[in-house]
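Values below: every heavy atom of this structure, side chains too, minus hydrogens, waters and symmetry copies. Note that the structure is predicted; figures quoted are calculated from it, not measured.
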Amino acid sequence: SCPCALVISVPLSFFCGMGGASKRGILIKGSNYVSSLAKARTMVFDKTGTLTEGRFTVSVIHSEGGMTQAELLDVAALAESYSNHPIAESIVRAHGGHIDAARVGSVEELAGLGIHAVIDGREVYAGNAKLMEKIGVSPACHEGCLAHCAGTCVHIAADGGYCGHIIIRDTVKKTADLAMYGLMMQNIKTVMLTGDTEEVGRLVAEELNIDEVHAGLLPADKVTIVEKNEKIAKLEEVKADLENQMQETSATFPSVEDAMASCGSSIEELGDVTDEQMQAIRDGFDGTLASIVLACGKQGVQIPESLQKG
């Protein structure tokens, strides 16, 4: 029979899948990425704007040091007026009044921390607890206010003194719950990354049944965690491939060296392995290639390319 239908159906399936995704606002660069997604066992998400709406509203204002709530909001709005971050925009909206740009001398955005501005000649900082720690200011929060008013907390300090904080809330997207449930049904691990506090991250993760959450992160920290998950995923994929290979061949080897030699590798190719790591690999060796990969992964040893290819 003619194989034309089969030959046409494969690329057509990819095109239809990418087309359907684009209608939902998801752009996929090519069919190879569709294949990669089918093999994914872990999905990592940012929180703000991805799992949440990214439309913040000011819920609580606590002022300190003789500053009124209106004055605190005014200073915060001036500092945040040059930023396009959703949190900054929510503070400006809550202010609602005229923003006099002439009062702002300079503005500097501090990635992952907040804003540094000169307002009416005063040094003003608006941002998270890490920013306050960096400038040597201790937030004098109302007792239990963050526990009772869960949300993103923006601290404000001026001329080295703490002025108060503004608590802002975001809402989870209506579609996020269904998406997380679908991933769970596919036995895909979900990970959420956020620069928010542990409390905020925990509440969102519990609402969406997310498996793992990392909070209080800077942008560079998020990159590190994604890279770590990529390495773990690659190791698990290699381990699964080798385990399948061993099940098919039922081959066993008397020593680690023999097992590695069978696929053209050697102990030296493991890289800079300490005596303790090598002993751990020997202790975990049960005669199969897969046990080498598992032991190497636990010890953080680089797996040789020849072993990765099985």
Side-chain angles (χ1 to χ4, degrees), residues 45-65 67 69 72-95 104 106-119 122-172 192-205 213-225:
F45 299 91
D46 190 35
K47 180 181 73 67
T48 304
T50 303
L51 298 177
T52 65
E53 294 288 352
R55 300 191 187 99
F56 294 88
T57 56
V58 172
S59 60
V60 177
I61 301 174
H62 285 154
S63 58
E64 299 283 347
M67 185 177 283
Q69 291 185 357
L72 181 67
L73 183 59
D74 184 50
V75 170
L78 284 167
E80 301 281 10
S81 61
Y82 286 85
S83 173
N84 59 1
H85 192 282
I87 290 177
E89 292 174 347
S90 71
I91 292 176
V92 173
R93 282 198 307 271
H95 179 269
V104 184
S106 63
V107 176
E108 178 188 8
E109 290 205 41
L110 307 173
L113 297 174
I115 297 285
H116 169 226
V118 177
I119 300 173
R122 304 176 69 189
E123 293 278 343
V124 174
Y125 288 87
N128 55 28
K130 287 184 178 180
L131 177 59
M132 295 296 106
E133 181 181 350
K134 182 178 181 180
I135 65 175
V137 172
S138 178
C141 298
H142 289 251
E143 184 178 356
C145 67
L146 296 181
H148 293 96
C149 308
T152 301
C153 186
V154 178
H155 300 279
I156 295 94
D159 291 338
Y162 188 69
C163 300
H165 58 265
I166 298 172
I167 297 178
I168 298 166
R169 290 181 179 174
D170 194 5
T171 55
V172 172
M192 185 183 76
L193 310 180
T194 178
D196 261 329
T197 62
E198 292 280 354
E199 178 67 14
V200 174
R202 182 184 60 80
L203 289 173
V204 174
V213 58
H214 299 271
L217 301 175
L218 296 175
D221 299 327
K222 295 180 181 180
V223 173
T224 300
I225 291 174

K.L.:
Under the rule for side-chain contact (heavy atoms from CB on, under 4.5 Å), what residues qualify as partners of Val213, not counting sequence neighbours?
P.N.:
Met192, Ala205
K.L.:
Is Thr57 close to Ser90 at the side-chain level, that is, under 4.5 Å between some pair of heavy atoms?
P.N.:
no
K.L.:
Quick one: list whatever passes side-chain contact (heavy atoms from CB on, under 4.5 Å) with Lys130, sequence neighbours left out.
P.N.:
Leu113, Asn128, Leu218, Asp221
K.L.:
What closest approach, in Å, do Ala158 and Val124 show between heavy atoms, and which atom pair accounts for it?
P.N.:
CB-CG2, 4.2 Å
K.L.:
Will you find, in the side chains of His155 and His165, an N or O donor that is under 3.5 Å from an N or O acceptor?
P.N.:
no
K.L.:
Minimum heavy-atom separation for Ala157 to Met132, with atom names?
P.N.:
CB-SD, 3.9 Å
K.L.:
Which residues pass the side-chain contact (heavy atoms from CB on, under 4.5 Å) test with Val223, not counting sequence neighbours?
P.N.:
Glu227
K.L.:
Could you measure the distance from the CG atom of Leu217 to the CD1 atom of Ile225? Nearest 0.5 Å is fine.
P.N.:
4.5 Å
K.L.:
Can you sort out the partners of Tyr125 under ring-ring contact (aromatic ring centres under 6.0 Å, His included), two or more places apart, ordered by chain and number?
P.N.:
His116
K.L.:
Do side-chain atoms of Gln69 reach the backbone of Ile61 as a donor and acceptor pair under 3.5 angstrom?
P.N.:
yes
K.L.:
Please list, chain by chain and in numerical order, all residues satisfying side-chain hydrogen bond (donor to acceptor under 3.5 Å, both in side chains) with Arg93, sequence neighbours excluded.
P.N.:
none
K.L.:
Test Val58 against Ile167 for side chain to side chain contact (heavy atoms under 4.5 Å, CB included), laying out the working first.
P.N.:
CA-CA 6 Å; Val58 172; Ile167 297 178; over 6 Å; no
K.L.:
Tell me, please, which residues at least two apart from Glu53 pass side-chain hydrogen bond (donor to acceptor under 3.5 Å, both in side chains).
P.N.:
Arg55
K.L.:
Got a second to check how far Thr52's OG1 is from Lys47's NZ, nearest 0.5 Å?
P.N.:
4.5 Å
K.L.:
Taking atom CG of Asp46 and atom OG1 of Thr194, what is their separation to the nearest 0.5 Å?
P.N.:
6.5 Å
K.L.:
Quick one: do Val60 and Ile166 satisfy side chain to side chain contact (heavy atoms under 4.5 Å, CB included)? Show the steps, please.
P.N.:
CA-CA 6 Å; Val60 177; Ile166 298 172; over 6 Å; no
K.L.:
What's the spacing between Ile119 CD1 and Leu78 CG if we round to 0.5 Å?
P.N.:
5.0 Å
K.L.:
Which residue pairs pass the salt bridge (Lys or Arg N to Asp or Glu O under 4.0 Å) test when at least one of the two sits in residues 106-118, sequence neighbours left out?
P.N.:
none
K.L.:
May I have the step-by-step check of side chain to side chain contact (heavy atoms under 4.5 Å, CB included) for Arg169 and Thr152, ending in yes or no?
P.N.:
CA-CA 6 Å; Arg169 290 181 179 174; Thr152 301; over 6 Å; no
K.L.:
For a 4.5 angstrom cut-off between non-hydrogen side-chain atoms, does Glu80 reach Val154?
P.N.:
yes
K.L.:
Locate the shortest heavy-atom distance separating Ser81 from Val92; write the atom from each residue and the value.
P.N.:
CA-CG2, 3.9 Å
K.L.:
Residues two or more places apart in sequence or in another chain: which of them pass side-chain contact (heavy atoms from CB on, under 4.5 Å) with Phe45?
P.N.:
Met43, Thr50, Leu51, Met180, Leu183, Thr190
K.L.:
For side chain to side chain contact (heavy atoms under 4.5 Å, CB included), just list the numbers for Val107 and Val104, CA-CA rounded to whole Å, side-chain angles, deciding distance to a tenth of an Å, and then say yes or no.
P.N.:
CA-CA 7 Å; Val107 176; Val104 184; 3.4 Å; yes
K.L.:
Asp159: which residues meet the side-chain hydrogen bond (donor to acceptor under 3.5 Å, both in side chains) condition with it, sequence neighbours left out?
P.N.:
Arg122
K.L.:
With rounding to the nearest 0.5 angstrom, report the OG to CD1 distance, Ser83 to Ile115.
P.N.:
4.5 Å
K.L.:
At what distance, to the nearest 0.5 angstrom, does SG of Cys163 lie from CD of Glu64?
P.N.:
9.5 Å
K.L.:
Just so I know, are the side chains of Asn84 and Glu89 near enough to count as touching, which here means a heavy-atom distance under 4.5 Å?
P.N.:
yes
K.L.:
Please list, chain by chain and in numerical order, all residues satisfying salt bridge (Lys or Arg N to Asp or Glu O under 4.0 Å) with Asp170, sequence neighbours excluded.
P.N.:
none
K.L.:
Check whether any side-chain heavy atom of Ile91 sits under 4.5 Å from a side-chain heavy atom of Phe56, and report yes or no.
P.N.:
no
